[in-house]
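Counting convention: from 1, in listed order, for ligands and their atoms alike.
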Amino acid sequence: MKKLNGKVVDEEELEELEEEKEKVVETYSNGVGVSFGFPQPDQNLVVGYALTVKKETSFLKPNFRGLARTKGIKFVCIDVNRPLSDQGPFDVVLHKLLAKEWCEIIEDYRHKHPEVTVLDPPDAIQHLRNRKSMLQGVVDLNLSDCHGKVGVPRQIVVTKDPSSIPYEVTKAGLKLPLVAKPLLVDGTAKSHKLFVAYDQLSLAELEPPLVLQEFVNHGGIVFKVYIVGESITVVKRFSLPNHGKRDLSKVAGMYPVPRVSSYLSSAEDADLDPSIAEHPPRPLLEKLATELRRRLGMGKCQITSAFLQSSF
Ligand SMILES: Nc1ncnc2c1ncn2[C@@H]1O[C@H](COP(=O)(O)OP(=O)(O)OP(=O)(O)O)[C@@H](O)[C@H]1O
Ligand SMILES: O=P(O)(O)O[C@H]1[C@H](O)[C@H](O)[C@H](OP(=O)(O)O)[C@@H](OP(=O)(O)O)[C@@H]1O
């Protein structure tokens, strides 16, 4: 057993933390620590968090908490059944609860505690809770002078009457197959239930409100771009495979899309065609980050090589 920052940490965990620390330092080597202002070892940054159990489990893993401790960052669970101002004191409040009551509590807390950084203020992320408004910041972006283009697949929003969907798709001139996504993003598993529709008839089985996007071939790889301060981190994940014209003549119906691109589907070590697997050009990402931050303060976006290279 060893002592670290006054805490007893077992040797195995310490080794794990060192490895994690190397990974984190490597990932954030372009100074997020500085822009984030990581506390000095003798300081402590207290982060109060209000997350669902699912999110706490997937995000606040023991080795992440341990690594945070080595950087002087302490995570404290907020009791949502007690007044927030009676808890803490916090330097940061990290939350991802979408209930109206909670949003009112956190807004009130922000005004009473301007010294506390709230991640994120509800009104700053409202547009991300809807798959149409979340793309607004990208729809009219013109980055063509930055080694590539960024755009949005052709899409329509359907809010009622599923029987009208085939007509709306024809009127909009969308080409099959189509990716159907719940319009609202509320953190529930339901909000990640996507489908690929291969024929017009099956569209009437869908459950509005939803977004219907043309399927864009992109070689089965998606790049998730995480932007924190000046730091840009790109991760490569598996995605949906391409559709050839021949496939379409043989496939009909509607198929659910599994969570193919979650953090468990890393493609970093996969043996892939370089033209698909090559990361998006850095200048394009930097320009995209600047534009998204200027317009929306957005912190994360998903890009595939096809979305970058195809002309939208
Ligand atoms: N228009 C499209 N054409 C082809 N593939 C798509 C399209 N839209 C999404 N996908 C693919 O479907 C999968 C899930 O897409 P998306 O990220 O939009 O759903 P999600 O539930 O919001 O995912 P997550 O929350 O895990 O980021 C990803 O592999 C993505 O590459
Ligand atoms: O690939 P990542 O981990 O970035 O994908 C995230 C996704 O971007 C959303 O943050 C999901 O959160 P919710 O919208 O709150 O569901 C995450 O889902 P989770 O079920 O893993 O928390 C994805 O991981």
Side-chain angles (χ1 to χ4, degrees), residues 27 49-61 64 94-99 102 119-120 122 125-135 138-139 150-157 169 172 174-198 210-228 232-244 247-248 255-268 270 272 276-277 280 298-310 312:
T27 304
Y49 64 87
L51 301 170
T52 59
V53 171
K54 164 179 164 271
K55 189 65 75 184
E56 182 179 3
T57 311
S58 67
F59 173 63
L60 282 177
K61 295 193 182 306
F64 176 68
L94 175 68
H95 71 109
K96 193 166 186 181
L97 300 175
L98 301 174
W102 171 257
L119 292 179
D120 290 281
I125 51 173
Q126 189 57 33
H127 64 285
L128 297 177
R129 295 180 59 180
N130 173 304
R131 282 199 170 90
K132 180 180 182 213
S133 55
M134 72 166 65
L135 295 177
V138 184
V139 166
V150 176
V152 173
R154 286 175 1 114
Q155 65 179 32
I156 58 171
V157 173
V169 165
L174 295 189
K175 291 187 179 43
L176 291 166
L178 298 174
V179 184
K181 305 177 182 181
L183 180 62
L184 305 180
V185 181
D186 59 7
T188 59
K190 185 168 184 269
S191 69
H192 293 292
K193 283 213 181 313
L194 277 58
F195 293 87
V196 179
Y198 291 90
L210 50 86
V211 170
L212 272 177
Q213 279 182 353
E214 284 186 337
F215 188 99
V216 176
N217 278 341
H218 55 280
I221 292 292
V222 66
F223 300 101
K224 291 202 175 187
V225 181
Y226 295 84
I227 303 159
V228 180
I232 298 176
T233 301
V234 182
V235 298
K236 204 184 305 178
R237 301 274 179 80
F238 287 108
S239 179
L240 299 176
N242 285 352
H243 285 283
D247 304 336
L248 297 182
Y255 295 86
V257 172
R259 295 292 298 274
V260 284
S261 302
S262 82
Y263 66 98
L264 300 170
S265 312
S266 170
E268 299 298 341
L272 301 163
I276 293 292
M298 271 178 82
K300 183 182 100 176
C301 53
Q302 281 181 202
I303 298 174
T304 68
S305 50
F307 293 153
L308 281 172
Q309 287 147 11
S310 317
F312 280 87

Out of [options], who gets a non-hydrogen atom closest to [atom]?
atom: atom 1 (N) of ligand 1; options: His243, His218, Gln213; value: Gln213
atom: atom 21 (O) of ligand 1; options: Arg259, Lys224, Lys193, His192; value: His192
atom: atom 2 (C) of ligand 1; options: Leu194, Val260, Val179; value: Val179

[X] heavy atoms, cut-off 4.0 Å: which ligand 2 atoms fall inside?
X: Lys54; answer: 16 (O), 19 (P), 20 (O), 22 (O)
X: Lys96; answer: 10 (O), 12 (O), 13 (P), 14 (O), 15 (O)
X: Lys55; answer: 11 (C), 12 (O), 13 (P), 15 (O), 17 (C), 18 (O), 19 (P), 22 (O)

For ligand 1, which atoms have a heavy atom of [X] less than 4.0 angstrom away?
X: Arg131; answer: 19 (O), 20 (P), 21 (O), 22 (O)
X: Lys181; answer: 8 (N), 9 (C), 18 (O)
X: Ser239; answer: 11 (C), 28 (C), 29 (O), 30 (C), 31 (O)

Aromatic rings Tyr198 and Tyr255: how do their planes relate, parallel, tilted or perpendicular, breaks at 30° and 60°?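 If you compare the ring of Tyr198 with that of Tyr255, the planes turn out perpendicular.
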Would you call the rings of Phe59 and Phe64 parallel, tilted or perpendicular, where under 30° means parallel and over 60° means perpendicular?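 Phe59 vs Phe64 ring planes: tilted.
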Any Gln155 heavy atom less than 4.0 Å from ligand 1: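 Heavy atoms of Gln155 never come under 4.0 Å of ligand 1.
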Quick one: does ligand 2 sit under 4.0 Å from the side chain of Tyr226, the backbone, both or neither, non-hydrogen atoms only?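 For Tyr226, only side-chain atoms sit under 4.0 Å from ligand 2.
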Using a 4.0 Å heavy-atom cut-off, say whether Arg259 meets ligand 2 through its side chain, its backbone, both or neither.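 For Arg259, the contact with ligand 2 is made by the side chain alone.
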Salt bridge (charged side-chain N to carboxylate O under 4.0 Å, His left out): which pairs involve residues 125-135, sequence neighbours left out?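 Residue pairs with at least one partner in residues 125-135: there are none.
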Does the N or O separation between Val257 and ligand 1 drop below 3.5 Å for any pair?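 So ligand 1 has no N or O lying under 3.5 Å from an N or O of Val257.
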So for ligand 1, is Ser191 a polar contact partner (N or O within less than 3.5 Å, distance only)?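 N/O-N/O distance below 3.5 Å does not exist for this pair.
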Min N/O separation Arg237 to ligand 2 under 3.5 Å: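 Between Arg237 and ligand 2 (N or O atoms, distance only) the closest approach is under 3.5 Å.
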Where the side chain of His243 meets the backbone of Pro177, is there a donor-acceptor pair that is under 3.5 Å apart?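 Checked: no pair found.
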Indicate yes or no for a side-chain donor-acceptor contact from His192 to the backbone of Lys190 under 3.5 Å, with no hydrogens or angles considered.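 No; zero donor-acceptor contacts below 3.5 Å.
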Ring pair (Phe, Tyr, Trp, His ring centres under 6.0 Å) with Tyr263: which residues, sequence neighbours excluded?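 Counting only residues at least two positions away or on another chain, Tyr263 forms no ring pair (Phe, Tyr, Trp, His ring centres under 6.0 Å).
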Which residue in the set Ile156, Leu194, Leu135 passes side chain to side chain contact (heavy atoms under 4.5 Å, CB included) when paired with Gln213?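 Only match with Gln213 under side chain to side chain contact (heavy atoms under 4.5 Å, CB included): Leu135.
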So which bit of Pro153 gets within less than 4.0 Å of ligand 1, heavy atoms only: side chain, backbone, both or neither?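 Pro153 to ligand 1: side-chain contact only, backbone stays beyond 4.0 Å.
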When rounded to the nearest 0.5 angstrom, what distance separates [atom1] in [X] from [atom2] in [Y]?
X: Lys236; Y: Ile276; atom1: NZ; atom2: CD1; value: 11.0 Å
X: Phe238; Y: Ile221; atom1: CZ; atom2: CD1; value: 5.5 Å
X: Leu184; Y: Asp186; atom1: CG; atom2: CG; value: 7.0 Å

